[in-house]
Amino acid sequence: MVQVTLRVNGKEAELDLPGRALLIHALRDHLRLTGSHIGCDTSQCGACTVHVDGKAIKSCAMLAAEADGCEVTTIEGLGSDAALHPMQEAFRQHHGLQCGYCTPGMIMLALDMVARHGQLDEPTVREELDGNLCRCTGYQNIVSAILAGADAMAHV
Amino acid sequence: MTPEAPAIMAGTSFGRSVGRVEDARLVRGKGRYVDDIILPDQSYAAFVRSPYAHARLASIDTADALGRPGVIRIVTGADVAAAGLPPLPCGWMIHSTDGAPMKMGVRPMLAQDVVRYVGEPVAIVVADTRDLARDAAEAVLVDYEELDVTADCADALRDTTVQIHADIPGNRAFDWDIGNAAAVTDAFASAAHVVSLTLRNNRLIPNAIEPRAANAVWNAVDEQLTLYMAHQNPIGMRAFIAGYYGLAAEHKLRIVSPDVGGGFGSKAHNYPEELAIAFAAKLVDRPVKWTAERTESFLTDAHGRDHLTTAELALDSDGRFLALRVDTLANIGAYLSSSGALVPTYMYATMLSGQYVIPAIHCRVRAIYTNTCPVDAYRGAGRPEAAYVVERIVNVAAERIGLDQAEIRRRNFITDFPYQTPVVYEYDSGDYTRSLNEALALADYAGFPARQVEAAARGRLRGIGIAAYVEACGIGPSAKLAALGGGAGMWESAEVRVHPMGTVEVLTGAHSHGQGHQTTFAQVAADRFGVPIEKISVVQGDTDRIQAGTGTYGSRASVGMSATLRACDSIIAKGKAIVAHLIDVDLETVAFSDGIFSSSATNRTVAFAEMAYAAHTAAGFPTDQIEPGLVATSFFDPPNFTYPSGVYVCEVEIDPETGTTDVVAFSAADDFGTVANPMIVEGQVHGGVTQGIGQALWENARHDPDTAQLLTASFMDYGMPRAVSLPNYKLVFTPTPSPSNPLGMKGCGEAGAIGAPPAVINAICNALGVTHIDMPAAPETIWRLCQARMSS
């Protein structure tokens, strides 16, 4: 077992975990933040995407122990009960989700895109979505949502 | 039952792009999927699966695994046999042409003597944690004696040395036919033109992003079993698990499918795993949870398609179709899955008339066992295979006789409805010419030659392809299903509860796993009652709440929405009686619209919520005439299937240097009948078209021919559609309301996956100037074609 200290969505968490526990397991099983999902086990689908120290990472491809001392943001850390984050709102407005399983990962990736590129255009968004799979939407409305969300964030 | 005239409601909700009710929780990560649930005293299961495609089980040694810390129990086929649990059934009975019933290979819940595909479950290890279960599963020693294998249906038919089920020589489940063979032969004899084509409909893997999952808990004192499962038909599963398996009595079995992360058919079937988890939970008396890893999904979620077909089309000198003859080998995998017999027969051959008048049709289907994962319904389920045959051979015919691909279709379209095809189905409504015209306009078909020239100047081969599809949805008319060999009717139920303050619950046996039923079903009630959608909850997926239902698959939500509409109308009828009492007028004078009851006999009006309150308080009520409370139930069983149709136009550019294909434009004109929520329906088309493009260009379940190992068992090996490889689609709706349900709806969930593959392949053939290329049209194949042409 290893001691892991994380700061998740602004809250300190001390966990005693098996050494092989992945960050996604720490979040889902131990902190019960079940918004991040597991879709593939091979870091291909991106359903587990969270932010570690401000960067989007696939939390199924990182040991929890590697995140020791890190700042982690999950989908649950965005917005509030009263108001959605502009990117969450854009997904809702543009029907950027159907079953919702890939959605948290998509939104966390989208925020990372905005952080790295600022203004986004469609080819950039489509290229950047390469590591996140959606089986429902055909991506068209996800792309629209991310462009609109980026726009909304620029005007906040 | 006579169909009611479709009433397209001119409401403020139904028919509009109302934002989805479910999104507020899903975008916050507050969805609740099966793997999110951890029960008190939870244990975890891992499956021991066959690494061989065909082998005899000599022995299973569980001693080492069982001795490990944290391991609770190992369940094997011996336990299943000892409990007397029956093999998995197929829900459809097909008779061969000679009258013999189809031959069912015995599929036990856990393998007994022989394993027949890679990934077949052999044992379950139950342990305190997921990791302990997985480690122990690897320590179970199974002695396999390898047997010869076959993964290909043509090989399985030819090679008599491989026998997959001991009692089924030749690996043939059935040899079935439909249509009039003699009429077809006559028509071919007098035809001006005959074209033929052999094509393969590639095997697909569904890949919902949420893997299958189950969590079961047994209460031994009350003999109650609760099973959480990611399923498309939880309400219907209760009768099956209780009635067929007897794992609990029906009234003590609770099945819950909470949020489900996509299905596409793959979560509609009966699988061994979920049943085995329920069985294990009874044995260990602790909650047992299993979530598939992605490779387990690849290996064991029922695959789709996998046909090898030869088709011949006879035409007269004007290019009018005279007859179609089709011969199909359907690879059904190692066992007949739930709908495994239905999909390649009544879901496939019955659709071979396409959108056309074809006076004579005959189709033979041989269903062949192979050492592969069972094949079952996957988005479209038989209908994509039919549309692919018809829409490919129509283009081959157009090329042969020198007709434009739009013109040959126009010349042969069915124009009068209802239309009885030569292969069972009676189409309900449609305007195929309009869909063609609108699709061609959307695609700027007339401007294509100029775009082709422009592309050629850039060294790119540009092609355009048209596909016109029709499909059957809205299952089902129970009587018609029974006549075709179905084991169960497929109506849908709705219960509408109106509470004292006028809020509404709609309980339905339909199940949304991305389709947005929480919104669209609420839209029906919102307009019928004049109640804002915020005051309506749609309840699904829990047998403790919902009495009866048959689930969501085959684009059949219109059935449940029609049941909802009827239950709402029963509420209104009762409401009128209540209002007549409240304002002391004759019942016949009471009318209801926009949420207000009024009477021609008085100026007094009663709001919907006021009526609801009166129904519940029942103060001074004539309870001898009107019972208190406000609940209504409807079971809607449609008189016929519905027949969505549409025309798709795909434009591709091919780089002859690399063989890569870019889909540069895709236009769709779809007739889904009445559209409940255009935003949601467009989303369904986007997703369906994407899966169709995926089939045409990238997706393919490949097996090693020598070992029948699945070579494409992860997202690293299987070509999933990605955002960067897709264009934006242009859509238009061309609705003709269906007379088969009171809402006039037809269904939209599978259309894209049905119409897109032939549109893409027609475009590629058009670009390359070739007669045919099999799916997936991989760069290597196209590059070789381009090279061969350049060198010749």
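Lettering of chains follows the sequences in order, A, B, ..., and the numbering in each one begins at 1.
- Heavy-atom distances place no part of B:Val685 under 4.5 Å from chain A, backbone and side chain included.
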For this session: Report the C-alpha separation of A:Leu97 and B:Asp23 in whole Å, then their side-chain angles, then the decisive distance to 0.1 Å, and conclude whether the side chain to side chain contact (heavy atoms under 4.5 Å, CB included) test is met.
Result: CA-CA 8 Å; A:Leu97 65 151; B:Asp23 289 356; 3.6 Å; yes
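- Interface check for chain B: of the options A:Arg92, A:Met106, A:His95, the most heavy-atom pairs under 4.5 Å are formed by A:His95.
- The choice from A:Ile38, A:Ile107, A:Leu84 that makes the most heavy-atom pairs within less than 4.5 Å of chain B is A:Leu84.
- Looking only at heavy-atom pairs under 4.5 Å with chain A, the residue among B:Gln515, B:Arg379, B:Glu293 that has the most is B:Glu293.
- The local environment of CD in A:Glu66 is crowded, with over 12 non-hydrogen atoms from other residues, nucleotides or ligands closer than 6.0 Å.
- Note that the NE2 atom of A:His25 and the CG atom of B:Asp131 stand 7.0 Å from one another [nearest 0.5 Å].
- Your options are A:His94, A:Gln93, A:Glu122, and the one with the most heavy-atom pairs under 4.5 Å with chain B is A:Glu122.
- Partner of B:Arg722 under the side chain to side chain contact (heavy atoms under 4.5 Å, CB included) criterion, chosen from A:Leu133, A:Leu129, A:Asn132: A:Leu133.
- Contacts of B:Ile680 with chain A are made by both backbone and side-chain atoms, with heavy-atom separations under 4.5 Å.
- Here B:His513 contributes atom NE2 and A:Cys136 contributes atom SG; the two are 9.0 Å apart, rounded to the nearest 0.5 Å.
- Contacts between B:Arg25 and chain A at a heavy-atom distance below 4.5 Å are absent for every atom of the residue.
- Ranked by heavy-atom pairs shorter than 4.5 Å toward chain B, the options A:Val125, A:Asp41, A:Thr103, A:Thr42 are led by A:Asp41.
- At a threshold of 4.5 Å between non-hydrogen side-chain atoms, the residues A:Arg126 and B:Asn728 count as touching.
- Both the backbone and the side chain of B:Gln684 come within less than 4.5 Å of a heavy atom in chain A.
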**Report entry** Test log, rule side chain to side chain contact (heavy atoms under 4.5 Å, CB included), inputs B:Leu726 and A:Gln140
**Finding:** CA-CA 8 Å; B:Leu726 297 162; A:Gln140 183 159 329; over 6 Å; no
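- Side-chain N or O atoms of A:Tyr139 include one that pairs as donor or acceptor with a backbone N or O of B:Pro721 at under 3.5 Å.
- The most heavy-atom pairs under 4.5 Å with chain B, out of A:Cys40, A:Cys102, A:Pro104, come from A:Cys40.
- B:Gly262 and A:Cys99 get closest at one heavy-atom pair: N-CB, 3.3 Å.
- The shortest non-hydrogen separation linking A:Cys45 to B:Ile209 is SG-CG2, 4.5 Å.
- Within the 4.5 angstrom heavy-atom criterion, no atom of A:Thr124 approaches chain B.
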- Task: Might you work through the side chain to side chain contact (heavy atoms under 4.5 Å, CB included) test for B:Ile38 and A:Arg32, ending with a clear yes or no?
- Result: CA-CA 9 Å; B:Ile38 299 177; A:Arg32 300 301 285 137; 3.3 Å; yes
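- Contacts with chain B were tallied for A:Ala21, A:Gly100, A:Gly35; A:Gly100 has the most, counting heavy-atom pairs under 4.5 Å.
- Proximity of a side-chain donor or acceptor of A:Gln98 to a complementary backbone N or O of B:Gly683 within less than 3.5 Å is detected.
- Comparing B:Gly752, B:Gly688, B:Pro727 by heavy-atom pairs within less than 4.5 Å of chain A, the highest count is held by B:Pro727.
- Looking at every heavy atom in both residues, B:Tyr33 comes nearest to A:Tyr101 through OH-N, 3.3 Å.
- Between A:Asp29 and B:Arg130 the shortest heavy-atom distance is OD2-NH2, 2.6 Å.
- Under a cut-off of 6.0 angstrom, the local environment of CD in A:Gln119 is sparse, with at most 12 non-hydrogen atoms contributed by other residues, nucleotides or ligands.
- Of the possible polar contacts, one joining the B:Arg28 side chain to the A:Asp81 backbone as a donor-acceptor pair under 3.5 Å is found.
- Heavy-atom neighbours of chain B within the stretch residues 68-79 of chain A, taken at a separation under 4.5 angstrom, comprise A:Ile75, A:Glu76.
- Taking a cutoff of 4.0 Å between a charged side-chain nitrogen and a carboxylate oxygen, B:Asp36 and A:Arg28 qualify as a salt bridge.
- Here the side chains of A:Gln44 and B:Arg294 are not in contact, with every heavy-atom distance at 4.5 Å or above.
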A:Thr137/B:His686 under side chain to side chain contact (heavy atoms under 4.5 Å, CB included): CA gap, chis, key distance, verdict | CA-CA 6 Å; A:Thr137 64; B:His686 293 168; 5.8 Å; no
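- For chain A, the nearby part of B:Phe264 is the side chain; its heavy atoms alone come within less than 4.5 Å.
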